[in-house]
Amino acid sequence: MEKKATRDSYGEALVMLAEKRPDLVVLDADLAAATKTGTFKAAYPDRFFDCGIAEANMMGVAAGIATTGKLVFASSFAMFAAGRAFEIVRNSIGYPHLNVKIGATHAGISVGEDGASHQCNEDIALMRSIPGMTVINPADDVEAKAAVLAMADYVGPTYMRFGRLAAPIFNDAATYKFELGKGVQLKDGKDITIIATGLMVAEAIEAGKALAEQGIDARVINIHTIKPIDRDIIIKAAKETGKIITVEEHSVIGGLGSAVADVVTEECPVPVIKIGVKDTFGHSGPAVALLKEFGLCAENIVATAKAALGK
Amino acid sequence: MDEQLKKQLEIAATKVRMGVIEGVYNAKAGHPGGSLSVADTLTYLYMNRMNVDPANPEMADRDRLVLSKGHTAPALYACLAHRGFFPVEELKTLRKIDSRLQGHPVKGKVPGVDMSTGSLGQGISAACGMALSGKISSDTYKVYAVLGDGEIQEGQVWEAAMFGAHYQLDNLVAVVDNNGLQIDGKIGDVMSPYPIDEKFAAFGWHVICINGHDFDEIEKAFDEAETVLNKPTVIIQRSTKGKGVSFMENQCGWHGKAPNDEEYAKAMEELNAHLASLEA
């Protein structure tokens, strides 16, 4: 299967967007080469503004631009966009509900060799706690591009999470349609439901196939919009399959697993088993090896599902 | 400045100060000290300088003002009310549970408020964004950012200072209200930001130092700022915290405290007497 990092998709989508949105402005904080806003910069240098290594100011500048009605994307690594600049995002973007799109790349442990200082496993938790903030975590190239284009038409603060590691492209560009706030059922099943987001969706698909070969009928759902979350698809899965496994390249505290558990505990209490980074920091290493070490892989999803079903 | 205009501005500023005291007294909370120190400059900007229209507060080509020192919202609200954005009577609802006049300014809630502020150091970044946007689309509006002198201890202010100079935002004017006091004491004792003028100059800004209670100097400074090309301007104004109410002047205890009944009566008596002398 062809692979591409969603950060590359992000840069390419910005170029696609620029053609139909002359009011588009893109900001970065000295990481354009890595976040891939550099792709946009090369095509539209007059609409790209580097803010230097100053993420707090960049978020404030983005807020100010948004007040004047232009469409603005502000980019950095997730660690700095959601982490370092959190309070500016909350007070200067979230509180006045300004139309700023935050494009955060290098999210999660798959940042790899840079180590824990740059492996942001907390951004979803931080961003979903801000009132009115939409949180998007696309799974592949097709979904990432569609999400960027769709969110450009949505008015309101949005956090978009992209990855560094090349991800399998499992969606079909010809037929895929991004629907904000709608989960996507990728495989039906009655024994258990695997709900995944971002880079983990491809692993969940693999796990679903492996489980089928072992006689376990697992439902697989892709949640690209973590906030507002698709309550209906989660409640239906809880009722029909009785057990849920969530999979995310993020801390088990406050991310997809927590969001799913919030819905399930209120509406239809069933066990929710969270696969994610377990209240610990990552470390340096090749991305794929790290993902395996932290259980963020199809093999661990399969093992977890079998254990949950007592098989 | 024309003497008659100066008198009109002094009258307006006194009314703004009365609005500050009314609001903070009725709220039983708020920040009178810094509101009174910045009252003259805000009055000048809203009553005599800025292109704003109370009937069309979101007018695209309006001048913008970001009150980066957002805790002095009482002065901003009083200016907006006296400029006609909402009824002056509403100032008494400051900080009340059903009021739109929040403790710190909120964009979208109060007509005329251009940016939500309150968390110090953030407003100047937003002002930079507004100014950059104006440059991108060749708009003619001006952007004003009003900062406290304690506020410039925030590192984000200097990130923004770098940005404003780098992108040559000559449509941006920052005001630093140098009343010399912050919550914990004198700014020089708590964490000195001095020399403020040399710091901004080193960051590439055009620097003007004035007395923030002298309308001639205030006007001259904003006139001069309009002539500056390819760099932003900062007006550093020496001011008196609590200006206009004798017992609040130069007392850092009045940073964030409301007057009691007796203090309220005394403050209003002083301001009323001053108003009467101006109108005589």
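Letters A, B, ... are given to chains in the order of the sequence lines, protein chains preceding strands, and every chain is numbered from 1. Note that this is a predicted model, so its numbers are computed, not measured.
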With a 4.5 angstrom heavy-atom cut-off, which part of A:Asp46 approaches chain B: side chain, backbone, both or neither? neither
Please assess A:Ile102 against A:Phe73 for the test side-chain contact (heavy atoms from CB on, under 4.5 Å), listing each intermediate value before the final yes or no. CA-CA 6 Å; A:Ile102 300 167; A:Phe73 278 74; over 6 Å; no
Any residue of residues 107-116 of chain B which, by heavy atoms, sits under 4.5 Å from chain A: B:Lys107, B:Asp114, B:Met115, B:Ser116
Considering only heavy atoms, give the residues of residues 122-129 of chain B separated from chain A by less than 4.5 Å, sorted numerically, with 'none' for an empty result. B:Gln122, B:Ser125, B:Ala126, B:Cys128, B:Gly129
Which heavy atom of B:Arg62 sits nearest to which heavy atom of B:Arg64, and what is that distance? O-NH1, 2.8 Å
Hey, is NZ on A:Lys182 packed in by over 12 heavy atoms from elsewhere, all under 6.0 Å? no
Kindly check if the number of other-residue, nucleotide or ligand heavy atoms within 6.0 Å of OH (B:Tyr194) is above 12? yes
Mind ranking B:Met130, B:His166, B:Glu58 by heavy-atom pairs under 4.5 Å with chain A and telling me who comes out on top? B:Met130
Can you find a pair of side-chain heavy atoms, one from B:Tyr141 and one from B:Ser133, that are under 4.5 Å apart? yes
For [X] and [Y], indicate whether the former's side chain and the latter's backbone hold a donor-acceptor pair under 3.5 Å.
{"X": "B:Asp170", "Y": "B:Asn230", "answer": "yes"}
{"X": "B:Asp177", "Y": "B:Gly148", "answer": "no"}
{"X": "B:Gln168", "Y": "B:Lys231", "answer": "no"}
{"X": "A:His250", "Y": "A:Ile124", "answer": "yes"}

Please step through side-chain hydrogen bond (donor to acceptor under 3.5 Å, both in side chains) for the pair B:Ser137 and A:Lys70, ending with a clear verdict. CA-CA 10 Å; B:Ser137 40; A:Lys70 291 186 174 70; 2.7 Å; yes
State yes or no: are the ring centers of B:Phe163 and A:Phe49 separated by less than 6.0 Å? no
Residue among A:Ala63, A:Ala54, A:Cys51, A:Ala62 with most heavy-atom pairs under 4.5 Å to chain B: A:Ala54
